[in-house]
Novice: 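Please read through the structure below; I'll follow up with questions.
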Amino acid sequence: MLDLKFISENAEFVKDVVKNKKEKANIDELLNLYENKKKLQFSFDNLKATQNKVSKEIAKKKRNKENADDLLAQMKLEAEKVKKINAELSESSKKLENALLRVPNVYNKNVPIGSSEDDNEIVRYEGEKKEFSFKPKTHIEIAEKNHLLDIERGTKLTGSGFPTYVNKGAMLERALINFMLDFHITKHGYTELKVPFMVNRKTMTGTGQLPKLENDMYRITEDDLFLIPTAEVPVTNFYAGEILNEKDLPVKFVAYTPCFRREAGSYGKDTKGLQRVHQFNKVEMVRLVKPENSYEILDEMVADAEDILKALKLHYRVLNLCTGDLSFASAQTFDLEVWAPGAQKYLEVSSISNFEDFQSRRASLRFRGDDGKPHFVHTLNGSGLATPRTFIAILETYQNEDGSIDVPKVLQPYLQGLKKI
RNA sequence: GGAGAGGUGGCCGAGUUGGCUUAAGGCGUGCGCCUGCUAAGCGUAUGUGGGGCUUAACACUUCACCGAGGGUUCGAAUCCCUCCUUCUCCGCCA
């Protein structure tokens with residue numbers, strides 16, 4: 001969340017942000033709630049101060065065996081007032097909190113203003129589109145021919161969007177996960193975390209999924225738990241509520257988890273095969289850093305994710321997301337889109353974002369600085385990478401005319417040396 | 001799932017017949033003094049968040065926070081209720 005003081009001092013800017021991010025937060029209403037809460041807090045504090053003082057006098061009199069009936073009578077009335085205003089105050093605080101949690105993060109000055117993905121800025125292309133001497137097949141055709149996926153039976157087990165990987169398909173998927181984890185750990189210095197796949201409401205609120213996206217997540221109502229839509233949630237919240245030492249920064253975590261997304265409202269869009277699914281696997285990088293250089297770190301994380309695509313020798317492009325495509329919590333996001341020759345389009349495989357102190361304020365993630373005082377860290381995360389579309393790109397890029405697939409060199413050790421599927 | 005015992009400041013730990021404790025004492029840490037150096041010793045400071053005052057910061061002042069949320073009371077770390085959680089034992093189970 002944003003700092004209330006910041007919002008009140010930059011109200012017009014924040015209103016622009018809400019508009020450009022296509023959010024709904026009402027800033028004027030929020031500021032009214034803020035003023036109202038401050039007033040109530042002031043009255044409450046003053047009443048409490050009186051009450052505390054007189055209660056001490058009563059205590060003193062009682063100790064001295066003096067009569068305190070008049071004070072007691074007086075305080076009885078005061079107590080009523082305190083109770084009443086306290087109720088108003090907590091009501092007001094709750095409303096303010098709820099409103100504040102729905103205000104999106106501000107974006108930084110390098111984010112292009114725009115309303116949809118068409119306004120995203122293409123930063124650069126890396127590598128070349130592979131030339132084929134034949135018409136490249138789609139991943140669905142290739143998977144079918146080699147029996148790598150069983151979409152129908154996955155659907156039978158659960159429903160559409162829950163793909164089941166079979167035999168070499170399952171092995172290739174697992175190889176990808178292991179390769180990416182090892183790569184980030186050994187080449188980029190990340191520490192692996194293996195986290196729960198369900199989290200509670202507080203954790204979901206910490207990274208900004210709640211309250212806004214409750215309908216986009218799978219929920220265990222019995223225990224009020226949510227299936228994570230990304231490892232970002234448990235990993236970023238790992239140190240929630242703590243004050244870290246400056247020397248503990250930067251924190252660099254990498255974690256593999258499955259991700260669960262209802263994708264409500266996107267039915268029928270890109271649903272073919274693995275393009276858009278309800279459950280998928282992802283290796284996620286998360287960093288907690290000092291505020292001063294978080295944008296350098298963002299570039300570094302983009303490079304970390306790119307390194308995977310480079311190692312797999314896949315063609316891709318880098319996008320700087322415009323305001324309209326930027327998520328609620330992000331200050332700036334770069335997407336990596338990999339080229340899929342069969343589908344003849346670029347597919348998003350990674351999203352790397354700097355949240356500045358938006359998440360750390362929500363989750364209370366702080367470090368003690370040189371000045372001895374706590375400061376909010378900046379949080380960043382990025383996929384490194386999501387597997388389904390990477391899987392698609394591998395199948396489609398490495399396919400041969402006879403329908404077989406060459407295994408990318410870096411994955412061969414993870415498939416017992418297998419060179420061809 | 002059942003039974004019992006706990007959850008206090010960075011850490012340890014007192015406080016549970018409600019009121020000179022709006023958290024004692026210790027450790028750790030910062031600063032100062034002392035001292036060939038170090039250690040010891042002495043002194044002093046040391047939580048988080050919000051509000052008021054202030055151009056702002058400092059300072060000052062005030063409120064809240066003793067697992068979380070309610071309640072009783074003039075007054076709650078202390079009493080009552082609900083929940084969470086840790087440990088021990090039992091049961092069930094991969």
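We use all heavy atoms of the structure for the numbers below, so side chains are in, but hydrogens, waters and symmetry mates are not. So you know, we letter chains A, B, ... as the sequences are listed, proteins then strands, and number each from 1.
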Novice: Tell me whether the guanidinium CZ or amine NZ of A:Lys38 lies under 6.0 angstrom from the six-membered ring centre of A:Tyr34 and within 45° of its axis.
Specialist: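 Geometry flag: set, cation within 6.0 Å and 45°.
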
Novice: Which whole number of Å gives the distance between the C1' atom of B:U35 and that of B:A59?
Specialist: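 35 Å, rounded to whole Å.
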
Novice: Once each nucleotide of nucleotides 50-57 of chain B is scored for protein heavy atoms under 4.0 Å, what B/S/- sequence comes out, 5' to 3'?
Specialist: BSS-----

Novice: Across all strands shown, which nucleotide pairs with B:C60 by Watson-Crick or G-U wobble geometry, both distances under 3.5 Å?
Specialist: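 WC or wobble partner is B:G52.
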
Novice: Can you identify which nucleotide, out of B:G19, B:U48, B:U62, has its nearest atom closest to the A:Ile243 side chain?
Specialist: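 Comparing B:G19, B:U48, B:U62 against the side chain of A:Ile243, the answer is B:U48.
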
Novice: Among the candidates B:U62, B:C74, B:U22, find the nucleotide nearest to the side-chain atoms of A:Leu72.
Specialist: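 Among the listed nucleotides, the one closest to the side chain of A:Leu72 is B:C74.
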
Novice: Indicate whether the side chain of A:Tyr107 and that of A:Asn20 have a donor and an acceptor atom separated by less than 3.5 Å.
Specialist: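 Present: a donor and an acceptor within the cut-off.
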
Novice: What is the separation between atom CG on A:Leu77 and atom P on B:G75, rounded to the nearest whole Å?
Specialist: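 That distance rounds to 12 Å.
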
Novice: Write down the distance separating the C1' atoms in B:C87 and B:C33, rounded off to the nearest Å.
Specialist: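 So the two C1' atoms sit 47 Å from each other.
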
Novice: Considering every strand shown, what is the Watson-Crick or G-U wobble mate of B:C65 when both distances are under 3.5 Å?
Specialist: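 B:C65 is paired with B:G47.
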
Novice: Kindly assign one of parallel, tilted or perpendicular to the pair A:Tyr218 and A:Phe260, based on the angle between their ring planes and the thresholds 30° and 60°.
Specialist: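 Perpendicular, since the angle between the ring planes exceeds 60°.
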
Novice: Flag the pair A:Arg276 and A:Glu263 as a salt bridge only when some basic side-chain nitrogen lies within less than 4.0 angstrom of an acidic carboxylate oxygen.
Specialist: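 Salt bridge between A:Arg276 and A:Glu263, a charged N being under 4.0 Å from a carboxylate O: yes.
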
Novice: Angle between ring planes, A:His184 versus A:His188, binned at 30° and 60°: parallel, tilted or perpendicular?
Specialist: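 Rings of A:His184 and A:His188: tilted, 30 to 60°.
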
Novice: A:Pro374 side chain: which of B:C63, B:U48, B:C74 is closest?
Specialist: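 Shortest atom-to-atom distance from the side chain points to B:U48.
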
Novice: My understanding is that a pair needs two contacts under 3.5 Å, Watson-Crick or G-U wobble. By that rule, which nucleotide pairs with B:G75?
Specialist: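 By the stated definition (distances under 3.5 Å), nothing pairs with B:G75.
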
Novice: Give me the distance, rounded to whole Å, that separates B:C27 from B:U46 when you measure between the C1' atoms they each carry.
Specialist: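 Those two atoms are separated by 13 Å.
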
Novice: From B:G19, B:C63, B:G49, pick the nucleotide closest to the side chain of A:Arg366?
Specialist: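 Closest nucleotide to the A:Arg366 side chain: B:G49.
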
Novice: Ignoring the backbone of A:Arg368, work out which of B:G19, B:U48, B:C63 is nearest its side chain.
Specialist: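 Nearest nucleotide to the side chain: B:U48.
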
Novice: How close do A:Gln51 and A:Ala79 get, heavy atom to heavy atom, and via which atoms?
Specialist: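 Taking every non-hydrogen atom into account, NE2-CA, 3.7 Å.
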
Novice: In whole angstrom, give me the gap between the P atoms of B:G43 and B:G25.
Specialist: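 13 Å, rounded to whole Å.
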
Novice: Taking atom P in both B:U8 and B:A68, what distance in whole Å separates the two?
Specialist: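 Between the two P atoms, the distance is 10 Å.
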
Novice: Of the non-hydrogen atoms in A:Leu314 and A:Ala393, which two are nearest, and what is the gap between them?
Specialist: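 In terms of heavy atoms, the two residues are closest at CD2-O, 3.9 Å.
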
Novice: For A:Lys60, which contact category applies under a 4.0 Å heavy-atom criterion: base, sugar-phosphate, or nothing?
Specialist: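 No contact at all - A:Lys60 keeps every heavy atom at 4.0 Å or more from the nucleic acid.
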
Novice: Name the pairing partner of B:C42, where a pair is Watson-Crick or G-U wobble with both distances under 3.5 Å, or state none.
Specialist: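 Because both required distances fall under 3.5 Å, B:C42 counts as paired with B:G32.
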
Novice: Rounded to the nearest Å, what distance is computed from the CG atom of residue A:Leu365 to the C1' atom of nucleotide B:G49?
Specialist: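 Those two atoms, CG and C1', are 16 Å apart.
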
Novice: Name the nucleic acid region contacted by A:Gln51, choosing base, sugar-phosphate or nothing; use a 4.0 angstrom heavy-atom cut-off, strictly under.
Specialist: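 Here A:Gln51 touches the backbone only, sparing every base.
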
Novice: Scan A:Asn46 against the nucleic acid and name what it touches under 4.0 Å (heavy atoms): base, sugar-phosphate only, or nothing.
Specialist: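 Result for A:Asn46 = nothing.
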
Novice: Using whole Å, report how far NZ of A:Lys84 lies from P of B:G71.
Specialist: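 About 16 Å, once rounded to whole Å.
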
Novice: Could you tell me how far apart A:Lys83 (NZ) and B:A76 (P) are, to the nearest whole angstrom?
Specialist: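 Answer to the nearest Å: 12 Å.
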
Novice: Which whole number of Å gives the distance between the P atom of B:U29 and that of B:U22?
Specialist: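 Roughly 30 Å separates the two P atoms.
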
Novice: To the nearest Å, how far apart are A:Arg361 CZ and B:U48 P?
Specialist: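 Roughly 16 Å, once rounded to whole Å.
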
Novice: Does A:Lys187 qualify as a cation-pi partner of A:Phe183, given the criterion of NZ or CZ under 6.0 Å from the six-membered ring centre and within 45 degrees of its axis?
Specialist: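 That pair qualifies as a cation-pi contact.
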
Novice: Determine the interatomic distance between P on B:G51 and the same-named atom on B:C34; round to the nearest Å.
Specialist: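 Roughly 44 Å separates the two P atoms.
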
Novice: Using both distances under 3.5 Å as the test, list the Watson-Crick or G-U wobble partner of B:C89, or none.
Specialist: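 Base-paired to B:G2.
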
Novice: Searching all strands shown, indicate the nucleotide that pairs with B:A94 (Watson-Crick or G-U wobble; both distances under 3.5 Å).
Specialist: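 Looking at the geometry, B:A94 pairs with no nucleotide.
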
Novice: Just how far, in rounded Å, is C1' of B:G10 from CG of A:Leu244?
Specialist: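 Going from A:Leu244 (CG) to B:G10 (C1'), I get 13 Å.
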
Novice: Within a reach of under 6.0 Å around NZ of A:Lys15, are more than 12 heavy atoms found that belong to other residues, nucleotides or ligands?
Specialist: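 Atom NZ in A:Lys15 is packed in, count exceeds 12.
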
Novice: In the strands shown, is B:G10 matched to any nucleotide by a Watson-Crick or G-U wobble pair with both distances under 3.5 Å, and which?
Specialist: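 With both distances under 3.5 Å, B:G10 matches B:C27.
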
Novice: Closest to the A:Asn52 side chain: B:A64, B:G75, B:C20?
Specialist: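 For A:Asn52, the side-chain atoms sit closest to B:A64.
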
Novice: NA contact type, A:Lys76, heavy-atom cut-off 4.0 Å: base, sugar-phosphate, or nothing?
Specialist: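 Touches sugar-phosphate only.
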
Novice: Can you confirm whether A:Ile394 sits close enough to A:Pro408 that some side-chain heavy atom of one is under 4.5 Å from a side-chain heavy atom of the other?
Specialist: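 Side chain of A:Ile394 against side chain of A:Pro408, heavy atoms only: contact under 4.5 Å found.
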
Novice: Can you check the A:Asn245 CG to B:G28 P distance for me, whole Å?
Specialist: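 That distance rounds to 18 Å.
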
Novice: Taking atom P in both B:U73 and B:G67, compute the distance separating them and give it to the nearest angstrom.
Specialist: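 Approximately 23 Å lies between the P atom of B:U73 and that of B:G67.
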
Novice: Of the options B:C63, B:G75, B:G19, whose atoms approach the side-chain atoms of A:Ala59 most closely?
Specialist: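 Nearest to the side chain of A:Ala59 among the choices is B:G19.
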
Novice: Now, which nucleotide makes the Watson-Crick or G-U wobble pair with B:U16, with each of the two distances under 3.5 Å?
Specialist: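 By the stated definition (distances under 3.5 Å), nothing pairs with B:U16.
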
Novice: From CD1 of A:Ile58 over to C1' of B:G18, roughly how many Å is that when rounded to an integer?
Specialist: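 Those two atoms, CD1 and C1', are 14 Å apart.
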
